[in-house]
Each structure stands twice: as C-alpha cells, then as structure tokens.
Amino acid sequence: MPAQLIDGIALSQQLRSEIAQRAAALTAKGKQPGLAVILVGEDPASQVYVRNKVKACGDVGFHSVLEKYDADLSEAALLDRIASLNADPSIHGILVQMPLPKHINPHKVIEAISTTKDVDGYSVLSAGELMTGLTGFRPCTPYGCMKLIESTGIDLRGKHAVVIGRSNTVGKPMGLLLLQANATVTICHSATPDLAYHTRQADVVVAAVGRRNTLTADMVKPGAVVIDVGMNRDDNGKLCGDVDTANVREVASFITPVPGGVGPMTITMLLMNTVEAAERT
Ligand SMILES: Nc1nc(=O)c2c([nH]1)NC[C@@H]1CN(c3ccc(C(=O)N[C@@H](CCC(=O)O)C(=O)O)cc3)C=[N+]21
C-alpha cells in the first residue's frame, strides 16, 4: 500500500480556524493581532511569499502591514523601521523576509527585533530558549514539521529521527524539537560520508537540503514517515522537494507532498506565533 500523503493544506485549514477564533477573542478585547512584514528588494520568489503571508493574516482576522523597500535601503534605515515597529503596540509580530540584500547584515537585523515580537524565532535568544526548553517562539518551518508528524498519530518517543540538513532556520531547530519529543536524533549534512546508512535506520526522515532527489526509495526503511522541506524546481520548472516522492511513496507509511505540505504549514505557524505573541501582551 503506498504511503498516505500528509495534507499540509487541510491541517493548515484546521489550525487556522483555531487561530481565527483566538484572534477574534483578542479583537473583542481591543487587541487585534498585528503582523508587520518587511520586504527589501525585488526578489520575485520573496514577493510571492510575502503576499501569501499578508493574505493569510487577513484570512484569520489579523491586521497586517506590508512594508516594501528598494534594494538600496540602508541598514540604518531598516534598523530604524524595526525600532518603531518594536514600539508600536498594534504590532505583535515582525517578519523581515530573507534573504536581504548583501549590504545588510541579517544578524544585526534579526537581533534588532524585540524578542517578544520575533515570530520567525530567528534570534539568538529565541534559539537559546528553544535549546533550553523555554517559551521563546519556535522557527515556523520546523514547528510546522512537528505538527505534520503529530498529525500522523505516531509517538516520537524512542523513535529514530534523521534530519538531513543543518541550517539555523530548519535543520538545527528541527533536531532540537525532535529531541524535545524524546526521539533519538541524527543530523546529517554535506560532510556525512554515507547518508543512506543513516536514513535506512530512520523511523522519521526530515529532508531539508535544497536539492531534489536527495532522498530516494532505496534510502528509506519500510513504514518510515517522510517530511519534505525542500523547495526546488524540476526540469520542467515545476515545484518539487528534496524527496523522490513517486518512488519513496511505495516504501514510506506517510509522506508530505510538495507543494501542499510543509510550505503552507510554515505560514500557519507564523500565524500561530503571532496570535501567541498578541496573547502574551
Ligand atoms: N524571515 C523569513 N521567514 C520565513 O519564513 C521565510 C523567509 N524569511 N524567507 C523565505 C522562506 C521560504 N518560506 C516559505 C513559506 C511558504 C511557502 C509555501 O507556502 N509554499 C507553497 C507553494 C508556493 C508556490 O507555489 O510557490 C507550498 O509548498 O505548497 C514556501 C516558502 C518562508 N521563508
């Protein structure tokens, strides 16, 4: 029997209706959740993403502001804008779309965002809180992956989870979240000599590399859960993930599709963090 697809759109809809209820309760108390999205430059993919984020805010009853700046915006001017948004009581979350133009230091920008408004969970303090099990905001993509795994009903305790990729936004925080759920965690990366050796032992594989066909059917243990974080284009320009989905489906028990898996959940968890930020004020 081929693997069941984990539907990130359906799960998003379910979670977003809960978020909308929480937003309505806050709005009734005069505290409508507000998200500020800042985009610097004209990267076409970023344009699409930020538009989707702003639209998602409207759908759950948040107020949102989209600030678009030319690619030559100075770092000082951006830091100034963040300072005003930090002080703005109608804004509960601030997202600066990555990547930024080369003349702007992303670390400086992220650290300028007030921790209480760091709904991306990208700051050093948020990362430290995640590591120590405190209540900082979790990065949206790995947080969404955890919800997708949860939705299968499998208990991660004692399971072997293999993460492929060690980025600060996905791989590393993913490893920490899986560890928090009592999985045994292996993080593989570009210097791992025999990736298949590790993935073949995995009950759960999270692929977050950015290269298509990184995970093929021969690398997957029968019955494994496969989460595909990749965002790539195939030879026909069609969106695809890191997993050879058509063939891995014959081996895995559950698998997330691309599109329609992790992507929508990333936006949903951004909304979740933002409503949470508003509730905490
Ligand atoms: N500060 C910051 N925070 C981010 O969270 C952030 C960022 N910068 N920079 C870029 C990445 C990428 N990202 C995606 C979110 C949703 C989809 C998504 O909804 N994807 C749809 C498909 C969309 C399409 O068709 O292109 C899907 O997978 O079904 C994709 C990618 C957030 N990012």
Side-chain angles (χ1 to χ4, degrees), residues 5-13 15-16 35-57 59-60 64-69 78 81-82 85 93-101 104-114 117-124 126-127 137-145 147-148 165 167-171 173-174 206-210 212 226-234 236-243 245 255-274 277:
L5 290 176
I6 313 176
D7 185 345
I9 296 173
L11 182 57
S12 283
Q13 272 167 356
L15 292 171
R16 287 183 199 195
L35 178 71
V37 178
I38 300 180
L39 174 60
V40 186
E42 270 86 54
D43 179 60
S46 294
Q47 301 265 5
V48 176
Y49 295 147
V50 297
R51 221 182 305 125
N52 289 345
K53 287 169 185 169
V54 167
K55 187 187 168 294
C57 283
D59 292 345
V60 293
S64 67
V65 290
L66 173 55
E67 299 190 5
K68 288 192 185 187
Y69 297 102
L78 179 55
R81 273 311 298 146
I82 291 172
L85 291 165
I94 302 170
L95 180 145
V96 180
Q97 184 71 17
M98 300 294 163
L100 285 165
I104 299 179
N105 179 346
H107 300 291
K108 236 168 138 176
V109 170
I110 291 164
E111 296 316 317
I113 298 170
S114 158
K117 301 190 180 188
D118 176 29
V119 288
D120 261 330
Y122 283 178
S123 75
V124 169
S126 297
F137 293 114
R138 283 158 276 193
C140 303
T141 298
Y143 191 10
C145 292
K147 292 283 182 191
L148 288 161
S167 69
N168 288 330
T169 48
V170 184
M174 190 73 226
V206 180
V209 175
R212 72 191 164 104
V226 175
I227 306 294
D228 190 351
V229 186
M231 290 275 295
N232 312 299
R233 299 271 164 192
D234 68 15
N236 305 315
K238 242 181 65 192
L239 197 64
C240 68
D242 291 347
V243 177
T245 310
I255 186 166
T256 61
V258 176
V262 173
M265 287 298 291
T266 295
I267 297 183
T268 299
M269 302 330 284
L270 172 70
L271 301 172
M272 184 79 86
N273 281 346
T274 303

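Counting convention: from 1, in listed order, for ligands and their atoms alike.
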Practice task
Measure from the side-chain N and O atoms of Asp242 to the backbone N and O of Val209, and report whether any donor-acceptor pair falls under 3.5 Å.
Solution key: yes
Practice task
Keeping the roles fixed (side chain from Asn273, backbone from Arg138), state whether a donor-acceptor pair exists under 3.5 Å.
Solution key: yes
Problem - side-chain hydrogen bond (donor to acceptor under 3.5 Å, both in side chains) against Arg81, all qualifying residues, sequence neighbours excluded - result: Glu67, Tyr69, Ser84
Check ligand 1 against the protein and report each N/O to N/O distance under 3.5 Å, formatted as atom name, atom name, distance.
from     : atom 1 : to     : atom 2 : distance (Å)
ligand 1 : 1 (N)  : Val96  : O      : 2.8
ligand 1 : 1 (N)  : Asp120 : OD2    : 2.7
ligand 1 : 3 (N)  : Asp120 : OD1    : 3.0
ligand 1 : 3 (N)  : Asp120 : OD2    : 3.4
ligand 1 : 3 (N)  : Tyr122 : OH     : 3.4
ligand 1 : 8 (N)  : Met98  : N      : 3.1
ligand 1 : 9 (N)  : Gln97  : NE2    : 3.0
ligand 1 : 9 (N)  : Met98  : O      : 2.9
ligand 1 : 29 (O) : Gly260 : N      : 2.7

Let me check something: any side-chain donor-acceptor pairs from residues 258-266 under 3.5 Å, sequence neighbours excluded? List them with distances.
from   : atom 1 : to     : atom 2 : distance (Å)
Thr266 : OG1    : Thr141 : OG1    : 3.0
Thr266 : OG1    : Val262 : O      : 3.2

Problem - Polar contact flag, side-chain donor to acceptor under 3.5 angstrom, Asp118-Ser123 - result: yes
Pairs of donor and acceptor atoms involving the side chains of residues 35-50, under 3.5 Å and at least two apart or interchain, shall be tabulated with distances.
from  : atom 1 : to    : atom 2 : distance (Å)
Asp43 : OD2    : Ser46 : N      : 3.1
Asp43 : OD2    : Ser46 : OG     : 2.8
Gln47 : OE1    : Lys68 : NZ     : 3.0

